[in-house]
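The structure under discussion appears below in the form of structure tokens.
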Amino acid sequence: MRRIYIHDTLSGEKREFRPVHEGRVGMYVCGPTTYDYAHVGHARVAIMFDVFRRFLEYLGYDVLLVSNITDIDDKIINKARERGMDPIEMAHYYAREYLRDMDSLRVRRANVIPKATRHMEEIISLIQRIMDNGYAYESGGDVYFSVEKFSGYGKLSHRRIEEMMAGARIEVNEKKRNPLDFALWKAAKEGEPSWPSPWGPGRPGWHIECSAMSMRYIGETLDIHGGGADLIFPHHENEIAQSEAATGKPFVNYWMHVGLVRFESEKMSKSIGNVFLIRDLVKKYPPEAIRLMFLNSHYRKPYEFSEKNLAESMHLFEKISTVYQRLLKNSSGEPSCEVCDEYENKILDALSDDFNTRAAMAHYLEFIGLARNMEGGEAKGAVEFLRRMDEIFDILPRKRDEGLDEKLMSLILEIRARMRSERRYDIADWIRDTLGELGIKIEDTKEGTKWYRV
RNA sequence: GGGCAGGUGGCAGAGAGGUUAUGCGCGGGACUGCAGAUCCCGUUUACUCGGGUUCGAAUCCCGACCUGCCCUCCA
């Protein structure tokens, strides 16, 4: 199998990827806390890991992707109270909408999409295990993780406990022994959703659910754990502490973090309020354009979002689409395409180097330029090649039933041709404009009028 | 104050010791009723700054400056 390299946040190095079990990959990606609709930031993480997963599968790995949904947490409770809704019902509504939004971006669903509220047993027994090992203590119905007991605390975010204490703005909480200790379990306050536990009714802290659910579905050591870069501290740091305190084994072999999306040089986030919602974007741009936009950046770098960038990606998509449609029409006979193999290698090499999608796209686009004028068997080979690559990228226009379409289109184009020959350009242009509004683009060329969908 | 990313041509954005990234945009030409698409040509010394290592650095080392993120919920 092809060698691939992954940049790991913990070691800060790019290392050859070696899964725990040969040929299999257990991957866990932190999903959203669902109290609002998904925005571009969520989409970037989902799309990048979608592509990484597809790439690993393309290479022949058996990938188990687990991506959770946090459906109980302070934010949810507060929002629901503001809106006068039931917190769990509200969280589940937004969870469904989140999945729908990601579907619309052609993100393939994870194999398992666990919710915190459905895994109380696992969560509670993990907390118990951590307590039994002496890393956590109960205090007034809450359970806290004792940061000082875990010697590796800070290894992911590369800071030491003393440094965190220094500039810290940490909430004062008398129940904690050390201000840096974090909650594994929170005692229920009046009117809050709660679950029974050995420490009384309450709910899990944010960090523990990911440890519990990832271990439940993948095992005690994950091959890859990912999420947005803003989760490095404290979320992922705490996950390491909890999990390793419980099992005594390394929790994760490769930590991958996707750079944040910015808008006008500021982080895009719900709290700042400068978010672009996926549901609004997909009304104006096709999903392929949105995927291309992210594929055209390096996943670890921050991404500066702008509608101008998106419009550029839209242009790119049209270009790819045009060439692809042309190849479809020009292909015949036995597929044969020597340059395809060359480009496939280039693209897979780029992806093998820490999933460098931008470099891969550069090769892809170079190939598109080359493929413009292919015909016959070569065109057929190119179509097959692009479809193969699409198992990874999913950026080609969707194939549709073209039987009736073809007949209707040739009728319409025939009418337009007659109008043109009679110099009735007002009607000819009206037909072209109307088709354009329907998402069908036509071009007058030497070989006659061609059409394709955008 | 501490930690982590970065600073590349008009713009977006790769690369990481010596060879054209790529795409967009812009200018010119071909084609066209027009538009778009396509084709050809062009956009001449791009790599924050200052030192250093080297035969050779955008790429390595040291220092400075700037930007963003994290240190509080956040993908």
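All values below come from the heavy atoms of this structure, side chains included, with hydrogens, waters and symmetry mates left out. Throughout, a chain's letter reflects where its sequence line sits, starting with A, and its residues are numbered from 1.
- In terms of polar N and O atoms assigned as donor or acceptor, the side chain of A:Asn373 never comes within less than 3.5 Å of the base of B:C39 in a complementary pairing.
- As judged by a 4.0 angstrom heavy-atom cut-off over every strand, A:Val29 is placed among residues making no nucleic acid contact.
- Distances shorter than 4.0 Å separate none of the side-chain N or O atoms of A:His298 from OP1 or OP2 on B:G6.
- Spacing of P atoms, B:G9 relative to B:A58, comes out at 14 Å, to the nearest Å.
- Among the nucleotides B:G23, B:A12, B:G36, the one closest to any side-chain atom of A:Asn309 is B:A12.
- Remark: the separation of the P atoms in B:G7 and B:C60 is 11 Å, to the nearest Å.
- Side-chain nitrogen and oxygen atoms of A:Asn356 include at least one within less than 4.0 Å of the OP1 or OP2 phosphate oxygen of B:G15.
- A cation-pi geometry, defined here as NZ or CZ lying under 6.0 Å from the six-membered ring centre and within 45° of its normal, holds between A:Arg15 and A:Tyr254.
- Geometrically, A:Lys329 engages A:Trp451 in a cation-pi contact, judged by NZ or CZ lying under 6.0 Å from the ring centre and within 45° of the ring axis.
- Residue contacts for A:Arg420: at a heavy-atom cut-off of 4.0 Å it reaches a base atom on one of the strands shown.
- Here the side chain of A:Asn274 pairs a donor or acceptor atom with the backbone of A:Ser269 at under 3.5 angstrom.
- Atoms OH (A:Tyr5) and P (B:A16) sit 13 Å apart, rounded to a whole Å.
- Distance from the side chain of A:Asp230 is smallest to B:A75 among B:G33, B:A75, B:C4.
- Geometrically, A:Arg262 does not engage A:Phe305 in a cation-pi contact, judged by NZ or CZ lying under 6.0 Å from the ring centre and within 45° of the ring axis.
- Look at B:U54: it lacks any Watson-Crick or wobble partner with both distances under 3.5 angstrom.
- Here the separation of B:G25 from B:G13, taken at their C1' atoms, is 14 Å to the nearest Å.
- Across all strands, A:Arg432 comes closer than 4.0 Å to base atoms (heavy-atom distances).
- Checked against B:A75, B:G33, B:G23, the side chain of A:Glu312 finds its nearest nucleotide in B:G23.
- Across all strands shown, A:Leu260 has heavy atoms under 4.0 Å from base atoms, whether or not it also approaches the sugar-phosphate.
- Pair assignment for B:U20: none, as no Watson-Crick or G-U wobble contacts are both less than 3.5 Å.
- Residue A:Glu443 is in base contact, counting any heavy-atom pair closer than 4.0 Å across all strands shown.
- No aromatic stack links A:Phe233 and the base of B:G3, using centre distance under 5.5 Å and interplanar angle under 30°.
- A:Thr33 comes within contact range of the sugar-phosphate backbone alone, with a heavy-atom separation under 4.0 Å but no base atom that close.
- A donor and an acceptor atom sit less than 3.5 Å apart, one in the side chain of A:Asp429 and one in the base of B:G33.
- B:U38 and B:C47 are spaced 31 Å apart, taking the P atom of each and rounding to whole Å.
- The residue among A:Ala359 and A:Met268 whose nearest nucleotide of RNA chain B is located toward the 5' end is A:Ala359.
- Here A:Gly227 lies in heavy-atom contact (under 4.0 Å) with sugar-phosphate atoms only.
- OP1 or OP2 of B:C24 lies within a sub-4.0 Å distance of a side-chain N or O belonging to A:Lys319.
- With A:Asp354 contributing its side chain and A:Asn356 its backbone, the two residues share no donor-acceptor pair below 3.5 Å.
- Residue A:Arg424 is out of contact with every strand shown, counting any heavy-atom pair closer than 4.0 Å.
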task: Begin with the C-alpha distance, continue with both residues' side-chain angles, and end with the deciding distance and a verdict on ring-ring contact (aromatic ring centres under 6.0 Å, His included) for A:His225 and A:Tyr28.
output: CA-CA 5 Å; A:His225 187 140; A:Tyr28 186 91; 5.1 Å; yes

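- The partner of B:U67, taking Watson-Crick or G-U wobble pairs whose two distances both stay under 3.5 Å, is B:A5.
- The side chain of A:Arg159 lies closest to B:C71, out of B:G33, B:C71, B:C69.
- Contact check, A:Arg372 against B:U38: a side-chain N or O comes under 4.0 Å of OP1 or OP2.
- Nucleotides B:U20 and B:G42, compared at atom P, are 14 Å apart to the nearest Å.
- A straight line from CG of A:Leu316 to C1' of B:G25 spans 13 Å, rounded to a whole angstrom.
- Considering only side-chain N and O atoms, A:His42 lies under 4.0 angstrom from the phosphate OP1 or OP2 of B:A75.
- Of the nucleotides present, B:C41 is the one that pairs with B:G27 by Watson-Crick or G-U wobble criteria, both distances under 3.5 Å.
- Taking the six-membered ring for Trp and thresholds of 30 and 60 degrees, A:Trp255 and A:His236 have ring planes inclined between 30 and 60 degrees apart.
- Nearest nucleotide to the side chain of A:His315, out of B:G33, B:C24, B:A75: B:C24.
- Rounded to the nearest Å, the gap between the C1' atom of B:A16 and that of B:A30 is 41 Å.
- Ring geometry, A:Phe355 versus A:Tyr299: the interplanar angle exceeds 60°, so the pair is classed perpendicular (tilted spans 30 to 60°).
- Of the candidates B:G3, B:C34, B:A37, the closest approach to any side-chain atom of A:Asp444 belongs to B:C34.
- To the nearest whole angstrom, the two P atoms, one in B:U59 and one in B:G18, are 11 Å apart.
- The separation of B:U8 from B:U22, taken at their C1' atoms, amounts to 14 Å, rounded to a whole angstrom.
- The nucleotide whose nearest atom lies closest to any side-chain atom of A:Arg416 is, among B:G23, B:G33, B:C73, B:G33.
- Between A:Arg358 and A:Thr322, the residue anchored closer to the 5' end of RNA chain B is A:Arg358, taking for each the nucleotide with the nearest heavy atom.
- When the P atom of B:A35 is taken as reference, atom NZ of A:Lys441 falls 15 Å away, rounded to whole Å.
- Going from atom CD of A:Glu318 over to atom P of B:A37 covers 8 Å, rounded to whole Å.
- Counting any heavy atom pair closer than 4.0 Å across all strands shown, A:Gly31 reaches sugar-phosphate atoms only and no base atom.
- Listed pair A:Lys301 / B:A14 meets the phosphate criterion, a side-chain N or O lying under 4.0 Å from OP1 or OP2.
- Because its NZ or CZ atom is not both nearer than 6.0 Å to the ring centre of A:Tyr303 and within 45° of the ring axis, A:Arg44 does not count as a cation-pi partner of that residue.
- For the OP1/OP2 pair of B:A12 and a distance below 4.0 Å, the side-chain nitrogens and oxygens of A:Ser297 include no atom meeting the criterion.
- Taking only distance into account, the side chain of A:Lys267 never meets the base of B:C69 through a donor-acceptor pair shorter than 3.5 Å.
- The listed nucleotides are B:G36, B:C11, B:G68; the one nearest the side chain of A:Lys308 is B:C11.
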